[in-house]
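Quick notes on the structure that follows.
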Amino acid sequence: MRYSKLLIPTLKENPSEAEAISHKLMVRAGFVRQLAAGLYIYLPLGWRVIEKINRIIRQEMNTIGAQELSMPILHPAEIWQETGRWNEIGDEMFRLKDRGGRDMCLGMTHEEIVTWLASKEIRSYRELPQIWYQIQTKLRDEARPKSGVLRTREFIMKDSYSFDIDDDGLERSYRLHEGAYRNIFSRCGLKFYMVESDPGMMGGGMSHEFMAPSPAGEDEIALCDNCGYGANLEIAGSIPGIPQFPSCPQDPSERFEEVETPEKRTIEEVTSYLNLNPELFIKSIMVIGDDGPVLALVRGDQTLHEKKLKKIIGNFRSAHRDEVKELLGVEAGFIGPMGHKIRKVADNSLKQGVYVSGANKEGYHIKGVKPERDFKAEYSDIHIAKEWEGCPSCGKPLKVEKAIEVGNIFKLGTKYSIPLKANYLDEKGEEIPIVMGSYGIGPARIAASAIEQNHDENGIIWPASISPFDVHILPLNTKDPKTIEVAERLYGNLKTEGIEVLIDDRDERAGIKFKDADLIGIPYQIVIGEKNLKEGMVEVKDRRSRNVKKFKIEDLSAIISLCRT
RNA sequence: CGGGGCGUAGCGCAGCCCGGUAGCGCGCCUGCUUUGGGAGCAGGAUGCCGGAGGUUCAAAUCCUCUCGCCCCGACCA
């Protein structure tokens, strides 16, 4: 296509609202424009990238036997009420009424709708398994849209749903998706990990996320290079290192030592005051659950993992100052696990060792506290995994990386098929709920991740598979007839070969064309300048390596083969 | 929803404390020169200073309210 006819509004300066690299570059290079918070317009170049990604997704989904269909974005409330999610989901769902006053919503995802369809159309085990997918707009009233197209209120998602007769079938569909997803992300040129994740509001059983490592990512993942363990920090386990504990006095009367710690409340204050490492402290956090107060105990160097705790004690909130004082008679900075009957949940790492904890006495801490002996607690993993802690499966050190969630796969089981009565008849004529899976990919997140992982100071470096064009022709001086003639001939010939070509036919200076070409990031640039033309040559520049090769003008096949690699 | 920041020309910003009728760079338009890494000279156009109300002789500037956008946190299929 001709640059002069395309809408490619490049910007010399970074947009003020952008923070993430992919966001800055997508705006600067003329791929997207923001309409409002979390709402983006895809300009021609941006849309070409999304379409390239979608094509790869379609190919890989079709390969595993998935069938494409399309479901509405506007949904009647009743279906969401039947699964209970109408009430479970809060402000994140866009809700509206139609003219007849009926409650409606805009689809955040399509489990309800696809299950409704299955309940109507699937009769027999002979019709299973099925995989249905769509590439469809989703709407979520995000509390905080951010990072350009990474978190938006309206976005396109490839979502697929599997229907099987039993768990073994679901396992097969799940693995088929895993394979397809690995192919898709690899073909899109992404570095990624598949990690264990929290099923969250999807419910059901196992789930994994596909994570593209990037500093712009909102998620953190724990990874083990040794055994391949990988998990979102939302659920990642870890084996904390064991600190050197002080020896415990034999004489029971000398066990405890109350130490005065005036005005020292936080772990930092107390550790520096007593000159002890934070690992030798018990951090006590008072929360109020549905069944009353709970004291959560983690080691001083650890952070309480609220989601892990929630799985044990149910919903809770942190206790107010006066509640702490009422329950333990002392303010929060000096509370500890001893001498009261409040339910205690402690991190596993506290099972061994001797610690300092709050003394439940204003201005005092207590040394020599030995869990199990000195107080009883329920033990569980309730700390957030950290880099260098041990891998829960092999013990080797973990690393923690930020990552963008580009895809996920969930085993739903019968969570949706039961309430929506999506059943099939088995060989015996018995009615059995269909076993389902749900699988998502965000094409815009793939595009943003590709930029996050492939750019330099001059701009984007697209992986060839998802680049808006294959080749960018730069006729430097459009007033030189020879330049134009060669450029046009090359343009025509490459197009005939099925190569997607952008030709910068603008009457602009060479510098501007070079800068825009590097910013836009098409993997190969064919530079047509008068000096080389005199020798019958053109240059082909590799955007990533910046290597330049000269070719004879007639040597089209060599140019083509270079650009196709 | 809590905390912070910012709304002034198409874009990036200054001016605001200390009120006096709006400025810089880039871009845009015209002409000439230039033409291998965001050209030079000359001329030109462009603003409801986010919105509403108030104070004042006078408001981009001070006060109140409101809307929008960004960042941190909470939340997040």
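What you see below is based on every heavy atom in this structure, not just the backbone, and it leaves out hydrogens, waters and symmetry mates. Just so it is clear: chains get the letters A, B, ... in the order the sequence lines come, proteins before strands, and each one is counted from 1.
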With both distances under 3.5 angstrom, what nucleotide forms a Watson-Crick or G-U wobble pair with [N]?
N	value
C24(B)	G12(B)
U56(B)	none
C1(B)	G73(B)
A42(B)	U30(B)
C17(B)	none
C65(B)	G51(B)

Quick one: [X] [atom1] to [N] [atom2], roughly how many Å, whole number?
X	N	atom1	atom2	value
E234(A)	A74(B)	CD	C1'	14 Å
K24(A)	G12(B)	NZ	P	13 Å
R144(A)	C1(B)	CZ	C1'	12 Å
D91(A)	A74(B)	CG	C1'	13 Å
E142(A)	G73(B)	CD	C1'	15 Å
R153(A)	C69(B)	CZ	P	7 Å

Could you check whether K138(A) makes a cation-pi contact with F155(A), meaning its NZ or CZ is under 6.0 Å from the centre of the six-membered ring and within 45° of the ring axis? no

When you measure from the centre of the six-membered ring of W86(A), is the NZ or CZ of R95(A) closer than 6.0 Å and no more than 45° off the axis? yes

Take atom [atom1] in [N] and the same atom in [M], then report the distance between them in whole Å.
N	M	atom1	value
A60(B)	C49(B)	P	8 Å
C11(B)	G47(B)	P	14 Å
A74(B)	U64(B)	C1'	30 Å
C63(B)	G25(B)	C1'	34 Å
U34(B)	A39(B)	C1'	7 Å
C26(B)	G40(B)	P	8 Å
G51(B)	C69(B)	C1'	15 Å
G23(B)	C65(B)	P	32 Å

Could you tell me whether the side chains of S207(A) and S197(A) share a donor-acceptor contact shorter than 3.5 Å? yes

Which nucleotides of nucleotides 35-50 of chain B have their base under 4.0 Å from a protein heavy atom (B), which only their sugar-phosphate (S), and which neither (-), written as one string 5' to 3'? BBBBB-----------

If you take all heavy atoms of K550(A) and N532(A), which pair is closest and at what distance? NZ-OD1, 3.0 Å

Which atoms form the tightest heavy-atom contact between D504(A) and K513(A), and what is the distance? O-NZ, 3.0 Å

Parallel, tilted or perpendicular for F210(A) and F192(A), by the 30°/60° rule? tilted

Ignoring hydrogens and angles, does a donor from either the side chain of E17(A) or the base of G5(B) sit under 3.5 Å from an acceptor on the other?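 There is none.
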
Between A37(A) and D219(A), which has a closest nucleotide on RNA chain B that is more 5'?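 Nearest-nucleotide comparison on RNA chain B picks A37(A).
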
Under 4.0 angstrom, heavy atoms only, what part of the nucleic acid is [X] near: base, sugar-phosphate, or nothing?
X	value
A36(A)	sugar-phosphate
T478(A)	nothing
A143(A)	base
E218(A)	nothing

Between F31(A) and W462(A), ring centroids under 6.0 Å: yes

Flag the pair W132(A) / F163(A) as yes when their ring centroid distance falls below 6.0 Å, and as no otherwise.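 W132(A) vs F163(A): aromatic centres under 6.0 Å.
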
OP1 or OP2 of C6(B) versus the side-chain N and O atoms of S16(A): is any pair under 4.0 Å?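 Answer is no, no contact under 4.0 Å.
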
Give the nucleotide from the list G12(B), C71(B), C69(B) with an atom nearest to the side chain of Q34(A). C69(B)

For the atom pair SG (C105(A)) and CG (D141(A)), what is the distance rounded to the nearest 0.5 Å?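 With rounding to 0.5 Å, SG (C105(A)) is 12.5 Å from CG (D141(A)).
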
